[in-house]
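In this text the structure is predicted, and so the values were computed from the model without any measurement. Residue numbers begin at 1 in each chain, while the letters A, B, ... track the order of the sequences.
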Protein chains: 2
Amino acid sequence: MILALQRATHATLHALAVRLAGLNLTASEINVLANLADGRTRSIGELGSDTATKPTTLTSVLDRLARKGYVTRELDPADRRSFRVSLTADGRGVAGAARAAAEDLERTALAEVSDADLAGFRAVARALAEVSG
Amino acid sequence: MILALQRATHATLHALAVRLAGLNLTASEINVLANLADGRTRSIGELGSDTATKPTTLTSVLDRLARKGYVTRELDPADRRSFRVSLTADGRGVAGAARAAAEDLERTALAEVSDADLAGFRAVARALAEVSG
DNA sequence: TATTGTTATACTCTATAACTATA
DNA sequence: TATAGTTATAGAGTATAACAATA
C-alpha cells in the first residue's frame, strides 16, 4: 500500500516535471504557484501549511520565484513581522499553465478509472494523510 | 487529486520516519531494506528499479547501510561488472522491524476504510504510476 | 562498443538552531 | 516573552556527465 502510494507520487511528479520542463520549475515551486493560483494573498506561514513545506524551504523557493518575477513579498501592514505573498501577472500565467498540465495529466491517467474507484482513492488518501496528525 | 496524493505520501513517510526514529534510517534506506526483506539477492540495477531510486543515490544509500552492517555487496561471479546485494543477519532484523512498522501503520490508518475503497485506491494508484512509463 | 556501477559536481529539500524585527 | 521569517550549517536525494572495469 505504502509502496504503491510512493510509486504513484514519484511517477506523477516526474511526469509533471517532464511536461513542465520548459518552464524550468521544481516540484516545490510548482506547488507554491498552484496554491497561489486562486489569487488569494497568503502569509509565509499559511503557504507553509498549504503546501506542506518548511519555512526554511519556502524562503529559498520564494527567493527563486521572486527572482524569476513570478511572485512578490510585501510587508503586512497589520503585522510587520510577516509578509503577504502574491502572484505577479507573469506568475499567474505560469501558475495557470502548471495547473492545466496537472489537470491534463489527471484526465489522461484516470480516463479509464470509475467514479467509485476515484471515491475510494480519495477516502484512502485522506485516511493516510491523517495518520501523521 | 495529485495534491491529495502528495499529501498522503508526505504524511505516511513522516509517520513512518517517526515510528522508526530509533533505528536512525532514512526513507530510502528503509525502502531498500524492505525490498531486500524477502531474502532474495539483487543486483544494484534490479534494486534501482524495485525501489525507484537512481544508481547514483543507491551507491550512497548502500554505502551507509554497509557501514552500519546491514547489507553486503559481493561481486557477481557470473558478471564481474555487477554486485549481488544481500542483507546481513542484523539487516534482516532491522528490515523486519521496518516492515512491521509499515504494516502496523497501514492497519491503524485504514481500519475504517472499506475493501471497495481500498480496491479503488489501488486502481487509481496503478493508473497514476503508469503515466510516467 | 555497450553496460555496470562509482565518482564528481551542482542543485534542491529537510532539520535544527541562532538570529532579527516586530508584537 | 513569544512569534514571523531569515540565515547558517549539515545531511540526503536527484540529475548529469565522466570514468574504470568488464562484457
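- At a cut-off of 3.5 angstrom, the base of D:dA12 holds no donor-acceptor pair with the side chain of B:Thr53.
- Remark: P of D:dT6 and CG of A:Asp76 are 13 Å apart, rounded to the nearest angstrom.
- Using a 4.0 Å heavy-atom distance criterion, A:Asp79 is classed as a sugar-phosphate-only contact.
- Looking at heavy-atom distances under 4.0 Å, A:Thr26 makes contact with sugar-phosphate atoms alone, never a base.
- Checking side-chain atoms of B:Glu130 against main-chain N and O of B:Ala127 turns up no donor-acceptor pair under 3.5 Å.
- The side chain of A:Arg81 approaches C:dT22 more closely than any other nucleotide in the set C:dT22, C:dG5, D:dA21.
- With rounding to whole Å, A:Asp63 atom CG is found 15 Å from C:dC11 atom P.
- Side-chain atoms of B:Arg64 lie closest to D:dA12 of the nucleotides C:dT4, D:dT6, D:dA12.
- The backbone N or O of B:Asn31 lies less than 3.5 Å from no partner atom in the side chain of B:Thr51, so there is not a single donor-acceptor pair.
- Minimum heavy-atom separation, B:Gly69 to B:Asp90: O-CB, 3.8 Å.
- Checked by atom type and distance alone, the side chain of B:Arg84 never pairs as donor or acceptor with a backbone atom of B:Ile44 at under 3.5 Å.
- Using a 4.0 Å cut-off between charged nitrogen and carboxylate oxygen, A:Asp117 and A:Arg122 do not count as a salt-bridge pair.
- Rounded to whole Å, atom C1' of D:dG13 lies 15 Å from atom CD1 of B:Ile30.
- Protein atom CD1 of A:Ile44 is 11 Å distant from nucleotide atom P of D:dT7, rounded to whole Å.
- When each of A:Arg80 and A:Lys54 is assigned the nucleotide of DNA chain C bearing its nearest heavy atom, the one mapping closer to the 5' terminus is A:Lys54.
- For the pair A:His14 NE2 and D:dT14 C1', the computed distance is 10 Å after rounding to whole Å.
- The residue among B:Ser60 and A:Pro55 whose nearest nucleotide of DNA chain D lies closer to the 5′ end is A:Pro55.
- A donor-acceptor contact under 3.5 Å links the side chain of A:Thr56 to the base of D:dA8.
- Comparing B:Ala52 and A:Glu46 against DNA chain D, the residue whose closest nucleotide sits nearer the 5' end is A:Glu46.
- Where A:Val61 and B:Leu58 each meet DNA chain C at their nearest nucleotide, the meeting point lying more 5' is that of B:Leu58.
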